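Worksheet for the structure shown next.
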Amino acid sequence: MEPNGGSQMELLIAVAPSVLTPSSKRRIQIFRSQIPSILNNLDSLQMSIEIVSLLVDLLFQTLSLYDDHGSRKAVDEVIIKALREDLFMKSFATTLVQAMEKQSKIQSITGSYRLLKWSCLLLTYSQFATLSNTLCRVAQAQASVLNIVLQGSFCVRRARKKTLFHLFSKSPDIYKAYMEGFRDSRISYKDSAELIYLMLDFLNSNPVSFDERKEIFLDIFVKAVLNAREKPAIGLSKAFLPLFSRLSHEDFKNTILPSSVKMLKRNPELVIESIGVLLKSTNLDLSKYAVEILSVVLTQARHGDEGRRFDALAIVRSLSQKSSSPDSVEALFNAVKLVMGGSEGRLTFPYQRVGMINALQEISHAPEGKYLNSLAPTVCRFLLSYYKDEGNEEVKLSSLTCLAAWTVKSVDAISQDLVTFFVHGLKEKEALRKGHLRCLRLICKKTDSVMQMTELLLPLLQLVKTGFSKAVQRLEGIYALFCVAKIAVVDVKAEETISKEKIWQLILQNEPSVIPISLASKLPADDLLACIDLMEVLIVDYPQRLLEIFPKKAFLQFMLFLLCHPNWIIRKAAHDTMKKILAVSPSLCDAIMVEFSSYLSVVEEKATFLRMSEAEIPVDSQVPFLPSVEVLVKVLVAIAPAVFAASPDACLQLLFCSHHPYLVGTGKKDVVWRRVQKCLQKFGFDVIGRVTTSVADLCTGLLGSKGLMSPNYLDQEGAINSLSTLMSIIPGDTYAQFEKRFINLPDLRTHDTLSEIDIQVIFLT
């Protein structure tokens with residue numbers, strides 16, 4: 001070893017212990033000054049194996065330790081500088097690949113991203129790709145860490161995309177080598193879904209390059225997915241989403257269709273889910289191919305395995321949605337009708353018949369149009385006939401669901417035979433009676449359809465009476481009441497009949513809340529959606545009558561239960577309904593904020609109990625589920641525009657809830673208010689102007705019995721947070737109003753009589 005090399009080795013050994021320092025300033029000084037200085041005094045001949053090994057070891061020690069941007073950037077700069085030397089490049093690459101391969105066991109998101117970035121530095125700033133035949137091993141290692149990084153936050157996922165795109169932009173040959181590696185199976189596509197997706201996504205910005213390379217990726221997809229010998233992971237199918245959106249009819253007809261049909265006949269269990277993803281994602285009109293694909297999929301739609309049936313129905317839906325040709329949609333219906341009629345043998349088992357009925361229901365998702373409207377009556381007549389000849393209850397219920405899906409497509413589908421069918425159906429046994437009510441609910445949601453349902457008013461009213469007289473039939477009463485209310489909206493005589501039968505008084509006597517939370521918390525999603533529909537029609541179409549008769553508190557508590565429900569579909573429907581309710585009944589704005597404030601207190605109490613006890617959370621009639629903070633904030637943001645426009649009192653509650661300690665947590669005290677304010681500004685509200693104008697009323701409210709003067713510490717803290725925000729956003733000349741309010745506080749002079757010891761005791765308690 002040269003003397004100079006020896007002295008540099010000693011310097012590197014001396015600095016090694018300092019690499020572990022927790023000081024970011026010291027870390028940056030080491031990698032920006034000391035180590036670069038050592039490297040600058042070495043030439044290629046003096047770069048020994050010992051120095052390289054120690055340097056690589058020091059760099060990898062920082063991997064899990066350095067957590068600040070400045071330190072990591074300084075380390076990256078040293079790597080870039082050292083990669084000019086072949087000896088370092090080879091040692092660094094070997095250690096890097098080994099570390100990436102070990103990440104599958106460690107599963108560190110941050111460590112995986114750092115290794116990914118270092119691998120891109122290796123390929124960008126060295127001759128590794130041209131000198132080494134192990135490029136595919138690096139790519140495979142990158143694929144493995146990409147799958148881990150995918151589990152990270154949005155910022156991490158965005159950074160990994162930016163890093164890889166930078167590599168592809170700087171090194172087009174690397175991209176080409178990866179692509180060839182996949183095509184030749186030197187890079188395993190089985191575990192490389194994320195890498196394939198990013199490669200395709202990178203091409204999206206350049207249509208010309210995409211078209212040039214589309215054939216290669218199409219070949220990879222066929223080989224990796226459609227011709228797979230074992231079921232490919234769903235992630236691998238989704239990796240080709242950018243490709244699916246750019247398929248041409250030639251691609252589909254010549255490549256995709258033959259392979260898909262062949263595999264659906266030979267090994268459907270391997271590809272049926274993947275083909276569903278493909279058909280859902282493509283932008284092509286599938287009219288030309290729908291019947292050919294359906295002919296092999298219908299066998300799976302009535303298969304004994306539930307998963308196969310589910311995947312097959314997804315394919316039928318995509319074929320229907322993307323078939324613009326009327327002839328194609330009719331052909332789909334006829335194909336299902338023939339099988340149901342026994343063209344391929346008797347459908348012995350109920351699940352087989354249910355599967356075919358469900359396939360017929362999926363066809364109703366075909367594009368809306370004149371032809372679909374004319375086909376609907378034909379389908380409905382077929383279903384009515386099929387229902388009458390069917391003896392199994394499960395199959396009959398499926399027929400009713402399918403009937404509803406087709407009936408709403410056209411008012412012409414509502415024939416006298418159909419109305420008579422419902423009259424008899426409402427007299428069926430419990431399960432089938434509920435099935436008819438669920439079907440009627442969907443029909444009655446359509447204004448042009450409900451006009452033809454007036455003949456059902458009396459039997460429906462009877463079900464309302466029974467349903468709200470007997471708790472066990474309450475759900476039937478809810479469905480029937482919705483239909484009755486919708487009929488009454490379009491029929492004045494029906495409304496008179498409701499009053500004559502004293503329906504509102506009956507409901508008030510037996511169930512003042514109309515829909516008790518204790519019942520709703522046990523209902524499945526479809527029934528809860530019916531409850532939301534009922535609440536909407538009652539308050540939107542009968543606001544004065546209902547709000548005079550029934551207590552607001554019960555209505556609003558139920559709406560908060562729905563707005564914070566664990567199911568996203570329920571929350572979305574409730575958000576839409578709540579906006580309509582507040583729009584037609586602004587007087588509810590103040591009340592909803594009072595209830596929301598109370599709701600937050602109950603949630604905080606339950607959350608505190610959960611943190612302090614291992615026992616189960618006690619059942620609460622108002623809050624059966626514990627919603628997340630994000631869900632609560634979204635509720636606040638959703639109702640904010642209507643509340644802000646309503647009154648100063650409602651505005652005060654909005655300000656207070658935005659600063660509630662449970663929502664704010666340990667973050668900045670105005671973090672929720674900023675989100676609310678941003679939402680209000682989108683609706684054109686002058687938030688600063690309103691707050692400035694109402695500052696006196698806001699101060700009075702925040703200093704009152706529900707604010708600083710409240711015995712509840714949460715109310716006090718929320719008021720303090722709110723006052724802090726007010727002081728930061730109002731103009732300077734408005735501060736006098738704050739001062740005036742504080743001076744007039746009855747306890748202000750009491751503070752002057754307290755000694756220093758008294759004040760310390762108060763703070764300690």
Side-chain angles (χ1 to χ4, degrees), residues 123 129 135-136 139-140 142-143 146 161 164-165 167-267 270-290 292-293 315 318-319 322:
L123 298 176
L135 178 61
C136 289
Q140 195 71 67
Q142 285 180 328
L146 276 170
K161 177 178 177 178
L164 213 59
F165 279 23
L167 170 65
F168 295 151
S169 299
K170 290 286 186 180
S171 308
D173 289 340
I174 297 290
Y175 187 96
K176 183 178 179 182
Y178 281 17
M179 192 170 58
E180 296 295 334
F182 279 117
R183 186 170 66 174
D184 300 338
S185 299
R186 286 179 288 120
I187 304 175
S188 171
Y189 35 70
K190 182 180 178 181
D191 301 314
S192 304
E194 185 63 11
L195 180 56
I196 292 173
Y197 176 82
L198 289 172
M199 290 179 67
L200 283 165
D201 196 25
F202 175 75
L203 284 184
N204 256 335
S205 60
N206 191 334
V208 175
S209 295
F210 203 110
D211 290 338
E212 289 174 352
R213 293 167 171 170
K214 182 172 66 172
E215 193 67 33
I216 296 175
F217 280 105
L218 195 57
D219 180 60
I220 294 171
F221 170 70
V222 172
K223 185 186 299 183
V225 178
L226 295 185
N227 291 341
R229 294 184 178 180
E230 58 184 40
K231 185 176 181 179
I234 190 65
L236 182 58
S237 300
K238 291 182 177 180
F240 292 91
L241 289 178
L243 174 66
F244 300 155
S245 63
R246 289 181 175 270
L247 290 176
S248 66
H249 278 284
E250 289 73 20
D251 297 329
F252 194 89
K253 181 180 179 181
N254 298 330
T255 306
I256 298 295
L257 185 62
S259 296
S260 297
V261 172
K262 180 186 72 175
M263 286 298 287
L264 282 172
K265 290 179 178 178
R266 184 180 298 173
N267 297 109
L270 300 185
V271 298
I272 190 167
E273 185 178 21
S274 299
I275 292 174
V277 172
L278 184 156
L279 296 179
K280 183 179 180 180
S281 308
T282 184
N283 296 324
L284 297 175
D285 186 330
L286 300 178
S287 299
K288 298 177 182 178
Y289 325 107
E292 183 177 355
I293 296 174
I315 291 177
S318 294
L319 293 174
K322 300 184 179 184

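Keep in mind that what you see is a predicted model, and the values were worked out from it rather than measured.
Side-chain atoms of Glu273 and Lys231, non-hydrogen and from C-beta on, do get closer than 4.5 Å to each other. Contact check for Ser260 versus Val271: no side-chain heavy atoms found under the 4.5 Å cut-off. Counting only heavy atoms from C-beta outward, the side chains of Leu241 and Leu200 never approach each other to under 4.5 Å. Looking only at side-chain heavy atoms (C-beta outward), Lys190 and Leu236 stay at 4.5 Å or farther from each other. The shortest side-chain heavy-atom distance between Val277 and Phe244 falls under the 4.5 Å cut-off.
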Show every donor-acceptor pair shorter than 3.5 Å between a side-chain atom in residues 212-227 and any protein atom, with sequence neighbours excluded, or say none if there are none.
residue, atom, partner, partner atom, Å
Lys214, NZ, Arg246, O, 3.3
Lys214, NZ, Asp251, OD2, 2.8
Lys223, NZ, Arg183, O, 2.8

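Looking at Asn267, its side chain never comes within 3.5 Å of a backbone N or O of Met263 through a donor-acceptor pair. Judged by distance alone, the side chain of Ser245 and the main-chain N or O of Pro242 form a donor-acceptor pair under 3.5 Å. Put simply, the side chain of Lys322 never gets that close to the backbone of Ala290: no donor and acceptor are under 3.5 Å apart. Put simply, the side chain of Asp184 never gets that close to the backbone of Arg186: no donor and acceptor are under 3.5 Å apart.
Nearest heavy-atom pair across Pro232 and Leu270 is CD-O, 3.3 Å. Smallest separation of non-hydrogen atoms from Ile315 and Gly276: CG1-CA, 3.7 Å.
With rounding to the nearest 0.5 angstrom, the CD atom of Gln142 is 7.0 Å from the CG atom of Leu195. Separation of atoms CZ (Phe168) and CD1 (Ile174) is listed at 9.0 Å; rounding is to 0.5 Å. Once rounded to the nearest 0.5 Å, the distance linking CD1 of Ile256 with CG of Leu284 reads 9.5 Å. In this structure, Leu243 CG and Ser281 OG are separated by 10.5 Å, a value rounded to the nearest 0.5 Å. The CG atom of Leu264 lies 6.0 Å from the CD1 atom of Ile272; values are rounded to the nearest 0.5 Å. Going from atom CG of Asp201 over to atom CZ of Phe210 covers 9.0 Å, rounded to the nearest 0.5 Å.
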Q.
Does Leu286 form a side-chain contact (heavy atoms from CB on, under 4.5 Å) with Ile293? I'd like the steps, not just the answer.
A. CA-CA 10 Å; Leu286 300 178; Ile293 296 174; 5.9 Å; no

Q. Where do Asn283 and Leu247 land on the side-chain contact (heavy atoms from CB on, under 4.5 Å) test, with the steps shown first?
A. CA-CA 8 Å; Asn283 296 324; Leu247 290 176; over 6 Å; no

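Within the structure, side chain to side chain donor-acceptor pair (under 3.5 Å) contacts touching residues 167-176 (residues at least two apart or in different chains) do not occur.
Atom OH of Tyr197 is surrounded by 12 or fewer heavy atoms from other residues, nucleotides or ligands within 6.0 Å.
For the 3.5 Å distance criterion, the side chains of Gln140 and Ser188 fail to qualify, holding no donor opposite an acceptor.
Phe202 and Phe165 have perpendicular rings, their planes meeting at more than 60° on a 0 to 90° scale where under 30° would count as parallel.
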